[in-house]
There are 2 protein chains.
Amino acid sequence: MNTFDSQSAHALLLQNVGRFIELDETQQNLYLSLFKEKRIRRKDFLLQPGEITRYEYFVVQGALKVYTLDLHGKPHVSMFAIEDYWTGDMASFLTQQPSSYFIEALEDTEVLMISKENWDRLFQIIPAFEQFYRNLYQRSLVSYIQRTNQGISLSAEERYHIFLKKYPFLINRISQKDLAAYLGVTPEYVSMLRNKLSKK
Amino acid sequence: MNTFDSQSAHALLLQNVGRFIELDETQQNLYLSLFKEKRIRRKDFLLQPGEITRYEYFVVQGALKVYTLDLHGKPHVSMFAIEDYWTGDMASFLTQQPSSYFIEALEDTEVLMISKENWDRLFQIIPAFEQFYRNLYQRSLVSYIQRTNQGISLSAEERYHIFLKKYPFLINRISQKDLAAYLGVTPEYVSMLRNKLSKK
DNA sequence: GGAAAAAAATAAACTAGTTTAAGAAATTAC
DNA sequence: GTAATTTCTTAAACTAGTTTATTTTTTTCC
């Protein structure tokens, strides 16, 4: 695992925010100063059930999976996050109630993390960030709603095809087991689907 | 259908907001002035797919169901709203993109509705409302996430029992068909579940 | 670089929930 | 108040996805 490259991490974060709002150099430096850096190794956790999450995470390098265990102990993956993605447990972050999610590194991973207090500080100094933040939030809410609707209205096979189309860059980085836990089926069934698809 | 009783509608709305923030009389009157009244008859719609929703709705009297049709044309109910409930299509309201939901009255229904512009006006004049609004929002997000997790991890039978326990007051007001569309199963299956339960 | 562990494939028996269809009960509408 | 429509029940055949178990392939780790 390499050392954390602050410079390129910061460049990625600024590029991310730059897609929504324009900042001068002073503002950029303020923004960057509000984040902490963190590195975690493959199979380690950023968050575990029962913990109250204080941060939102921006992935600089690596890959994370966010998942919960159901009553039967089976994992359900709610999202994968790679470079340039924001992640976290919105419900626990917002309500400051214990999380029911694991956030686990699939590879050695580097994140930049920011607390609620630092967001609030930022909003006071640079109000334009409220717009950025609301946008971030709304987009994740909307994609959450869409994913839920897919889970409701599509078969596992249809969801598998949509995943392949929408996230082709993820397939090489996640296991079939984790993909199954994301699609909501057994790994055996994914195996069968993949096999069926390759025969066409 | 009775005439809209503005006075008790307003009383209910003030009682609702009063559970979160304290307002003096001037503030109460400002708040009330930002709502429009609307009555719709059973089987009529507050919103239909393709429309961009401009309002959020507070139910004063009656009952609504919020649902969408899947690719096979089957309805999936995402929520029921009765007196003292807020409802709407958050995704369309936020993004100003066409909705994919129906909001249909199950009974003759009276609502108070407020636009995004009026919320913004309110935030400027009485900042305490930002807190109330964020709270409203966060609560609905959290319950949305919980419901999704239930759909993922519980059997239809378990979801049926949870529904009975959590919303006993709704059972007499909705059809078995709509309950089935909420639980994500066929009406026939709900019929079987009910029968099975009553034999215990 | 090879042993141990984890992941993936295959296949057969199984189950939760669907589909179809037909009759009984309850609501609605004039 | 009764005819028409909708809702609910029951039951049997069916299907998408699960479970279990065994084998093969890939990855991990010292």
Side-chain angles (χ1 to χ4, degrees), chain A residues 1 41-44 62-63 65 67 69-77 80 104-108 150-164 170-200, chain B residues 1 41-44 62-63 65 67 69-77 80 104-108 150-164 170-200:
Chain A
M1 187 169 180
R41 289 182 176 281
R42 189 172 124 77
K43 296 199 175 173
D44 282 348
K65 69 173 168 184
Y67 67 102
L69 300 181
D70 67 26
L71 291 184
H72 311 289
K74 266 187 257 161
H76 293 259
V77 173
F80 298 104
E104 182 184 338
L106 297 175
E107 310 167 359
D108 291 349
Q150 277 182 13
I152 280 171
S153 66
L154 304 180
S155 67
E157 183 167 3
E158 288 169 310
R159 278 176 276 144
Y160 175 61
H161 290 308
I162 286 173
F163 183 88
L164 290 184
L170 273 181
I171 304 172
N172 327 319
R173 295 178 73 174
I174 64 177
S175 66
Q176 209 142 311
K177 203 173 153 191
D178 285 338
L179 174 57
Y182 178 88
L183 294 176
V185 294
T186 56
E188 289 81 357
Y189 195 63
V190 171
S191 181
M192 198 219 73
L193 284 176
R194 172 181 276 187
N195 196 264
K196 182 177 166 188
L197 185 63
S198 72
K199 276 182 185 154
K200 275 188 186 166
Chain B
M1 189 166 179
R41 289 182 176 281
R42 190 172 124 77
K43 297 198 175 174
D44 281 348
K65 69 172 169 185
Y67 67 101
L69 300 181
D70 68 25
L71 290 185
H72 312 288
K74 267 187 257 162
H76 294 258
V77 173
F80 298 104
E104 181 184 340
L106 298 174
E107 311 167 0
D108 292 349
Q150 277 182 14
I152 279 171
S153 66
L154 304 180
S155 67
E157 183 167 3
E158 289 170 308
R159 280 177 275 145
Y160 175 61
H161 290 308
I162 287 173
F163 183 89
L164 290 184
L170 273 181
I171 305 171
N172 328 317
R173 296 178 71 174
I174 65 176
S175 67
Q176 210 141 310
K177 202 174 152 188
D178 286 338
L179 174 57
Y182 177 88
L183 294 175
V185 294
T186 56
E188 290 81 358
Y189 195 63
V190 171
S191 181
M192 199 219 72
L193 284 176
R194 172 182 276 188
N195 194 262
K196 183 176 166 189
L197 185 64
S198 72
K199 276 181 187 157
K200 276 190 183 164

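Here is the naming used below: chain letters follow the sequence lines, and residue numbers restart at 1 for every chain. Because the structure is predicted, anything quoted here is derived from the model rather than measured. Scope of the values below: all heavy atoms of this structure, side chains included, with no hydrogens, waters or symmetry mates.
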Quiz prompt | Close approaches to DNA chain C from residues 170-181 of chain A, in residue order (heavy atom, under 4.0 Å) | solution = A:Ser175, A:Gln176, A:Lys177
Self-check item: Within-4.5 Å side-chain heavy-atom neighbours: B:Tyr182 and B:Arg159
Solution: no
Exercise. Using a 4.0 Å heavy-atom cut-off, write out nucleotides 17-30 of chain C from 5' to 3' as B (base contacted by protein), S (sugar-phosphate only) or - (no contact).
Key: BBBB-------S--
Practice problem: Work out which heavy atom in A:Ala156 is nearest to a heavy atom in A:Val185; give both atom names and the distance. | Solution: CB-CG1, 3.4 Å
Quiz item: Can you list every pair that meets salt bridge (Lys or Arg N to Asp or Glu O under 4.0 Å) and has a residue in residues 175-193 of chain B, with sequence neighbours left out?
Solution: B:Lys65-B:Asp178
Quiz item: Expressed in angstrom and rounded to an integer, what is the separation of B:Met192 atom CE from D:dT7 atom C1'?
Solution: 18 Å
Quiz prompt | Closest non-hydrogen atom pair, A:Pro75 against A:Ala181 | solution = O-CB, 3.5 Å
Quiz prompt | Partner residues of A:Arg42 under the side-chain hydrogen bond (donor to acceptor under 3.5 Å, both in side chains) criterion, sequence neighbours left out | solution = none
Self-check item: Distance (rounded to the nearest 0.5 Å) between B:Ile174 CD1 and B:Glu107 CD
Solution: 11.0 Å
Practice problem: Give me the bend of the helix from C:dG1-D:dC30 to C:dC30-D:dG1, using the axes of the five pairs at each end, rounded to 10°. | Solution: 70°
Quiz item: So, for B:Ile171 and B:Phe163, which heavy atoms are closest and what is the spacing to 0.1 Å?
Solution: CG1-CE2, 4.4 Å
Quiz prompt | Least distance between heavy atoms, B:Arg173 atom then B:Gly62 atom | solution = NH2-O, 3.1 Å
Practice problem: Taking ring pair (Phe, Tyr, Trp, His ring centres under 6.0 Å) as the test, write out the residues that go with A:Tyr189, two or more places apart. | Solution: none
Exercise. Examine D:dT9: is either OP1 or OP2 under 4.0 Å from a nitrogen or oxygen in the side chain of B:Asn195? Give yes or no.
Key: no
Quiz prompt | Nearest-Å distance for atom pair CG/C1', residues A:Leu106 and C:dA6 | solution = 15 Å
Quiz item: If you look at every heavy atom in B:Leu106 and B:Phe80, which pair is closest and at what distance?
Solution: CD1-CD2, 4.0 Å
